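The structure under discussion appears below in the form of structure tokens.
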Amino acid sequence: PGEMAAYNAEHNKENNVKKGISRVQKRFSSVCGDHKVGDQLTTQELKDMGYTDPNAITRLVNDGVLSHIRRGVYVINSV
């Protein structure tokens, strides 16, 4: 039982990370409207979309949905 629990914990951790990234990407896809890959967005535009928490924008960057270009400007990597 100990080995199986350790295996499940490790396996579930990997799957949950993937699920979390997928969830972030799906939510962004649903709120981004007519924006396409390569479009630039400002912090204010992201806030207008509902990303009012700075950590939410950081999650988008960390999960590869956006890339930070310069202060307050992001480019879309995936929709």
Side-chain angles (χ1 to χ4, degrees):
E3 293 175 18
M4 192 63 176
Y7 171 80
N8 284 339
E10 184 177 327
H11 186 65
N12 288 343
K13 182 179 179 182
E14 293 171 10
N15 281 343
N16 288 342
V17 168
K18 291 176 188 174
K19 285 181 192 176
I21 291 171
S22 175
R23 211 173 308 131
V24 167
Q25 290 172 337
K26 284 180 184 174
R27 179 175 186 271
F28 182 75
S29 294
S30 69
V31 298
C32 73
D34 57 352
H35 296 289
K36 304 178 296 296
V37 173
D39 288 352
Q40 290 186 4
L41 296 172
T42 63
T43 303
Q44 186 58 50
E45 289 173 317
L46 289 168
K47 286 181 179 181
D48 293 342
M49 288 182 192
Y51 291 100
T52 55
D53 179 19
N55 289 332
I57 296 173
T58 301
R59 259 190 306 279
L60 290 171
V61 173
N62 290 344
D63 291 345
V65 177
L66 299 176
S67 290
H68 187 252
I69 297 178
R70 60 182 180 277
R71 186 172 185 209
V73 180
Y74 303 87
V75 67
I76 299 174
N77 292 332
S78 66
V79 178

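Fair warning: this is a prediction, and the values are worked out from it, not measured in the lab.
Side-chain atoms of D39 do not come within 3.5 Å of backbone N or O of H35 as any donor-acceptor pair. With hydrogens and angles ignored, the 3.5 Å screen pairs no side-chain donor or acceptor of D63 with any backbone N or O of V65.
Sorted by first and then second residue, the side-chain hydrogen bond (donor to acceptor under 3.5 Å, both in side chains) pairs with a member in residues 25-34 read R27-Y51; sequence neighbours excluded.
At a threshold of 4.5 Å between side-chain heavy atoms, the hydrophobic network of Ile, Leu, Val, Met, Phe, Trp and Tyr places V24 and V17 in two separate groups. Each of V73 and I57 belongs to its own hydrophobic cluster when Ile, Leu, Val, Met, Phe, Trp and Tyr are linked at side-chain heavy-atom distances under 4.5 angstrom.
Going from atom CG of N16 over to atom CD1 of I21 covers 11.5 Å, rounded to the nearest 0.5 Å. For the atom pair CG of D53 and CG of L46, the computed distance is 12.5 Å after rounding to the nearest 0.5 Å. Within the model, atoms CZ of R59 and CZ of R23 stand 10.5 Å from one another, a figure rounded to the nearest 0.5 Å. To the nearest 0.5 Å, the span separating CG on N77 from CG on L60 amounts to 10.5 Å.
The neighbour count for E10 CD, taken as heavy atoms of other residues, nucleotides or ligands under 6.0 Å away, does not exceed 12.
Contact between I69 and Q40 at its shortest, heavy atoms only, is CD1-NE2, 3.7 Å. Closest heavy-atom contact between L41 and L66: CD1-CD2, 4.5 Å. Taking all atoms of both residues into account, the shortest heavy-atom contact from G64 to S78 is O-OG, 4.2 Å.
F28 places a side-chain heavy atom less than 4.5 Å from the side chain of I76.
In this structure, the side chain to side chain contact (heavy atoms under 4.5 Å, CB included) partners of N62, at least two apart in sequence or on a different chain, are T58.
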